[in-house]
Every structure is written in C-alpha cells, then in structure tokens.
Amino acid sequence: MSPLLALLRRDLALAFGGGRRGGAVLPVLFFLAVAMLFPFAVGPDPVLLARAGGGIVWVAALLAAILPLDRLFAPDFEQGFLDQFALRGISEEAIAAVRLVSHWLSFGPPLMLATLPAAALLGLPGETVATLEWGLLAGTPGLAAIGLMISALTLSLRAGAALAGLLLVPLAVPLLIFGAGALSTGGDAGIALTAAISLLLCAVTPFAAGAAIRAAREG
C-alpha cells in the first residue's frame, strides 16, 4: 500500500472512529443543533421557516466547518508526524492533498445527510431540499479547502485555532452568497458558480497549505 493511501485510510479511521476529539460526529451534531434551535428563536411560522430555512442550513454548515480546524494539522505537527513524512520523501503538498480529500469525506457527505432531518425540522419543501443538497455538494469541497488552508497557515501560531475560525467566515462568504443564492433564484447558475469557486480552491489549497506546513516545520 502506498504511503499516501495509508495516510488517507488513517485519517478516515481517526475521523469516523472519533479518535480526534469528536471526529466527523461533532460538526454534524452542531449543524443539527443550529437547525433545531432556529425555530425556537423565530417562532413556528411555517412560511417564514420555509423561506429562511435554506439560508439557515448554509450558515449552519459554515459554522460547523469551523469545528474541525484545530485538528487538521496541529496533532500531526505536535507529534512529529509531519517531520517523519518529510524524512520519507513525501512532499507537504501531497500530504495536504490527501488531507483535503479525507477532510471533505468526513465533513461534506455527513453534512449532506444531516441536511435531510434539518430540512424536515425547518419544513422545507422537496424542491428546495434538492437545490440545497446540490449546492452543498458543490460548496462543501470549497469550505473544506478554505479550512485546510487556514489550518496550515495558522499551524505555528499559539492562538491558531481561534484565529482560524475568524478567518474562515469572511473567506467563505462567496460560497455562501452563490450557494444560498441558488435557493432564491431557483436556477443552476448559483450552483455552477459555487462549484467553480470550490474547484479553484481545491486546486490551489494543496500548494498553499504545503508551503505553509514547510514554513512551520522549518520555522
């Protein structure tokens, strides 16, 4: 088995086995908690909930994306795994690319599944749920890429986890605008733009994160 495939299997085992402070479960629970609490805040008006529900799901997904940031690279950095990978000739860019895939697999699909009960809680119609799922499929890779890039850039900072959360929100605004905007326009243009932004972020992130990891190791 290649080292990168072994790394992917290890990351997924840690995420879905709960080995890293909640793994993939904590963001999903947080996501559902936000969707569950919102009707208590604005009242049980079904028209209002159906109109605002899609945007609520997107905001909940954005906030849930903050939770895994402190465990994307920091544990491996502190335990010296990143140094061992470098000694074995595995580039930081390759590690970042594998980590991006494992991070999205442990974040995106579980969130899309959790959207179904969240949509039921908010009383969203079936057509809105379908648009919402397509938008999340297009947008969650971008959210994962932004989170990974920020986690690598703040790796050597003492308050990196808190700073990472603050940085993710503004950087994710374009995804939020086009992803949630597709719900109001009812067209495919918003989803296509969300997917285009996600693809660009996924293409750039391994190089940016790899350079940041290298700088943190050598710093």
Side-chain angles (χ1 to χ4, degrees), residues 1-31 61 64-115 133-134 136-156 160-161 164 168 171-172 175 194-219:
M1 181 184 299
S2 72
L4 294 180
L5 186 57
L7 177 62
L8 178 63
R9 290 188 60 180
R10 168 184 173 269
D11 287 350
L12 292 176
L14 286 172
F16 288 102
R20 281 183 172 175
R21 283 179 272 178
V25 177
L26 195 58
V28 170
L29 293 178
F30 180 83
F31 174 81
I66 296 174
L67 297 182
L69 296 186
D70 65 336
R71 61 175 185 268
L72 290 180
F73 288 115
D76 287 345
F77 181 67
E78 293 166 0
Q79 297 168 13
F81 283 111
L82 297 178
D83 294 327
Q84 293 181 29
F85 290 138
L87 290 174
R88 296 181 64 179
I90 303 173
S91 70
E92 287 81 1
E93 286 78 7
I95 295 171
V98 171
R99 190 59 50 89
L100 176 58
V101 173
S102 64
H103 176 44
W104 181 75
L105 287 175
S106 64
F107 169 72
L111 220 59
M112 292 175 65
L113 287 175
T115 296
E133 291 283 14
W134 280 112
L136 289 175
L137 180 63
T140 48
L143 286 178
I146 293 173
L148 195 85
M149 195 185 315
I150 292 174
S151 180
L153 289 170
T154 58
L155 189 57
S156 59
L168 185 138
L171 291 176
L175 289 171
T194 306
I197 295 172
S198 285
L199 285 174
L200 178 63
L201 289 168
C202 289
V204 170
T205 291
F207 300 100
I213 293 170
R214 195 158 39 247
R217 284 184 48 248
E218 297 171 355

In a check of side-chain contact (heavy atoms from CB on, under 4.5 Å) between R10 and each of L8, L7, L12, which one passes? L7
Going from CD on E92 to CZ on F73, what distance comes out if it is rounded to the nearest 0.5 angstrom? 10.0 Å
Could you state the interatomic distance from OG1 (T205) to CD1 (I150), rounded to the nearest 0.5 Å? 9.5 Å
Flag the pair F85 / S91 as yes when at least one side-chain heavy-atom distance between them is below 4.5 Å, and no otherwise. no
Approximate separation, where rounding is to 0.5 Å, of S102 OG and L72 CG: 8.0 Å
For A212 and L153, which heavy atoms make the closest approach, and how far apart are they? CB-CD2, 3.7 Å
Using every non-hydrogen atom in the two residues, find where A152 and I213 come nearest and quote the distance to one decimal. CB-CG1, 4.1 Å
For L155 and L82: C-alpha separation, side-chain torsions, deciding distance, then whether side chain to side chain contact (heavy atoms under 4.5 Å, CB included) applies. CA-CA 12 Å; L155 189 57; L82 297 178; 4.1 Å; yes
Any side-chain heavy atom of P110 within less than 4.5 Å of one from P27? no
Of all heavy-atom pairs linking A64 and F31, the shortest is CB-CB, 4.3 Å
T115 side, atom OG1; E133 side, atom CD - distance, nearest 0.5 Å: 5.0 Å
Find the distance between OG (S151) and CZ (R99) and round it off to the nearest 0.5 Å. 9.0 Å
For the residue pair F30 and I66, establish whether any side-chain heavy-atom pair is separated by less than 4.5 Å. no
Answer whether the closest heavy-atom distance between the side chains of L148 and W104 falls below 4.5 Å. no
Quick one: does L143's side chain get under 4.5 Å of F107's, heavy atoms only? yes
Name the one of I90, L5, L4 that satisfies side-chain contact (heavy atoms from CB on, under 4.5 Å) with V98? L4
One pair to check against side chain to side chain contact (heavy atoms under 4.5 Å, CB included): L201 and L175. What are the steps and the verdict? CA-CA 11 Å; L201 289 168; L175 289 171; 4.2 Å; yes
Rounded distance [0.5 Å steps], CE in M149 versus OG1 in T154: 12.0 Å
Heavy-atom nearest pair, P141 first then L136, reads CD-O, 4.2 Å
Donor-acceptor contact below 3.5 Å, side chain S198 vs main chain A138: yes
